[in-house]
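Basis for what follows: all heavy atoms, side chains included, without hydrogens, waters or symmetry-related copies. None of these values were measured; they are calculated from a predicted model. Lettering follows sequence order; numbering is per chain, from 1.
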Number of protein chains: 2
Amino acid sequence: MKNKQVSLAEVARAAGVSKMTASRVLRDEGGFSEKTRTKVMAEVDRLGYLPNRLATVFAGDQKTTFVGVSIPELGNEIFAQVLEGIDRKLVAFGHQSVLGLTEHALENEEKWIETVLSWQPAGLIVTGRSHTPRAVQMLRNSGLPVVELWDFNSAPLDMCVGLNHFDSGYSMGRYLATNGYRKFAYIGTSHHSANAASSRLAGYTKAIEDAGGTLIKQLQLRDAPGFYPGYYGTEQLLASGEEAEVIFYQNDNMAVGGYEYCKKKGLSVPDDIGIAGWGDLPIASIQPYRLTSISVPHLKIGQQAAELMLSRIAGQPMVSTKDVGFRLIPGTTVQKAP
Amino acid sequence: MKNKQVSLAEVARAAGVSKMTASRVLRDEGGFSEKTRTKVMAEVDRLGYLPNRLATVFAGDQKTTFVGVSIPELGNEIFAQVLEGIDRKLVAFGHQSVLGLTEHALENEEKWIETVLSWQPAGLIVTGRSHTPRAVQMLRNSGLPVVELWDFNSAPLDMCVGLNHFDSGYSMGRYLATNGYRKFAYIGTSHHSANAASSRLAGYTKAIEDAGGTLIKQLQLRDAPGFYPGYYGTEQLLASGEEAEVIFYQNDNMAVGGYEYCKKKGLSVPDDIGIAGWGDLPIASIQPYRLTSISVPHLKIGQQAAELMLSRIAGQPMVSTKDVGFRLIPGTTVQKAP
DNA sequence: TTGAAAGCGATACCAC
DNA sequence: GTGGTATCGCTTTCAA
């Protein structure tokens, strides 16, 4: 058998007091003498006692300090940053994140929700607005605080922080059309289910339609949305013979990859081809050009999601939806209207 | 009070059987009739019963399925990838990661360890080989599997997966010296405590000494090791008037930032100045040049850490230290020996 | 200021 | 096949 852990009862016995007294001392609840406190704490140190919080939660019929946080992947730096924002905030208030990587699959999310709920978390933060019916039901039944982030949703399960991805794609499409482009392309990565990137593409497509342009090609790579997929995706697109005038990428990293491929092929940006990204990611900050993109407050999303969660846990009244918005960055990688 | 959760007892009562029978059905333990099974499962579905695993662990004096995973930060994409590698593997075997972001501070790690241990995890995976004395003691006393990753350590607390960062820095220093460089610089970010990057710098410094060269300047920025800090760090370095012939950066992202700054200033790489990175990160794959760097198997580190953890949890015998090694990439951003 | 007893939700163990 | 009872480590409640 394992190192049997030191229990409160042993500490109490060693200190010559009852379990209850030891318990009170440890929680600093008051109702004990200084002498007792000293004795108990001495034994705690001597025995290396660590409380079993499972028992605490169990006895008090409380929740744990865990907050389940599910995001699609960490290969995408935006999500990594969102997670970091969330965790820092949660930790500052005594909570811990239990990670769930869904890989963009709703079934994975459902499975994860079931598991996490069985551990009595204080709440759940999930990415996206679509979930399986069973996931929705479990979330509802739990009665726990739930924050849906990333994709803004005016009628969330419980709370929501994000932005309207459709609108952001639409804005980009309209901006490009306004600048005279007629033949559009899109390069992104594929997913098992509809997600925020799909919404962006839908908005982009709609804007193109509304402006009377044509989306001549859209590429959905089976890969993570990184630098290299942007590079070889562009290679594929250009090799396909379609004559796109401008390419909108799923994010800035892909766009920078595409830019480098164009440069390598001797194409001039924006004279020969226009390039637009999404997210205003760090890589954009060191380029000699200013990438046309959509700026999004990633860190804020994570922070605010955590804040909503914490105030709900604390039982405070509060607004339950936050649209953090986005901002179009004109940049120098697309042509300006004459 | 909250939505009181449905308990096993209620399911049993509704199904007209005892708790024990319901429990056996749910665990598919055998020893019940098909008719009983059907009745119980029907009630489980109808009532939306979710087990309280806290009680299970508690009753069986087991551990939870949680594995604590602590890493310095997620802003650094290497660590994000390591975490992703770990979590995917753990999830496949029914475990969940409880995140700990230490921000490179040992005190944060210690605090996190204490908290996580109180939740009876199945094991802990931590980054780095140095911990506070109390952290070491808690880890030891827990009797739990512990994997220390990133920095290889032939005498770990328990298990270890990583590489020798000192040696990797030394290799780079020696390589550069061999290629004729005499005046070296380093740009990285500062931390509260010694870590892997410090070891790299120490190895680099030693190699320079051994080769009779000079480390004329080292910059430790108070920032995350990303593109832009590489850019402005290089600006600072060059503005300082020191005439470095080659700059070694904490990682590739910083190096690419530095490269862009040099280009902007009209400096030619490697003719005017040499540039070397570390990590062989994704950004390097799309550049028109091949960045001189050190290639490290990030994903493998995460995976192997999780594998060691899982086999220890399963009680299998196993080697407990793994040196995953590194590989120097000569690249085109430093001058070759004549 | 202290302590004894009940109980949280599940499982282990032993009767039936 | 099935069910009663003790039990895990701690807190709640009530009494002293």
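At a threshold of 4.0 Å, the pair Glu84(A)-Arg88(A) counts as salt-bridged, since one of the basic side-chain nitrogens sits closer than that to a carboxylate oxygen. Between Arg13(A) and Glu10(A) there is no salt bridge, since no side-chain N of the basic residue sits under 4.0 Å from a carboxylate O of the acidic one. A salt bridge is absent between Lys111(B) and Glu114(B); no separation between the charged side-chain nitrogens and carboxylate oxygens falls under 4.0 Å.
We find that CG of Leu26(B) is positioned 14 Å from P of dT2(D), with the value rounded to whole Å. Note: CZ (Arg13(A)) to P (dG9(D)) measures 11 Å, nearest angstrom. Summarising the geometry, the separation between CG on Leu54(B) and P on dG9(C) is reported as 11 Å, rounded to the nearest angstrom. The interatomic distance linking Glu10(B) (CD) with dG9(C) (P) rounds to 8 Å, in whole Å.
Of the residues in residues 34-47 of chain A, Thr36(A) come within less than 4.0 Å of DNA chain C through at least one heavy atom, sorted by number.
Thr64(A) and Gln120(A) share no donor-acceptor pair across their side chains, judged by distance under 3.5 Å alone.
Annotation: side chain of Leu99(A) is in contact with side chain of Leu83(A) (closest heavy-atom distance under 4.5 Å). When side chains are defined from C-beta on, Asn153(B) does not count as touching Thr321(B), because their heavy atoms never get closer than 4.5 Å.
Using cut-offs of 30° and 60° for the angle between ring planes, the Phe58(B) and Phe58(A) rings count as perpendicular.
Between Thr21(B) and the phosphate of dT2(D), there is no side-chain N or O to OP1/OP2 separation shorter than 4.0 Å.
Listed by first and then second residue, the ring-ring contact (aromatic ring centres under 6.0 Å, His included) pairs involving residues 124-160 of chain B are Phe79(B)-Trp150(B), Trp150(B)-His165(B), Trp150(B)-Trp278(B) (not counting sequence neighbours).
Val17(B) comes within 4.0 angstrom of sugar-phosphate atoms only, judged by non-hydrogen atoms across all strands, and of no base.
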Next item on the list: Could you encode protein contacts along nucleotides 10-16 of chain C as a string, one character per nucleotide from 5' to 3', using B for base contact, S for sugar-phosphate-only contact and - for no contact, with a heavy-atom cut-off of under 4.0 Å?
Entry: BBBB---
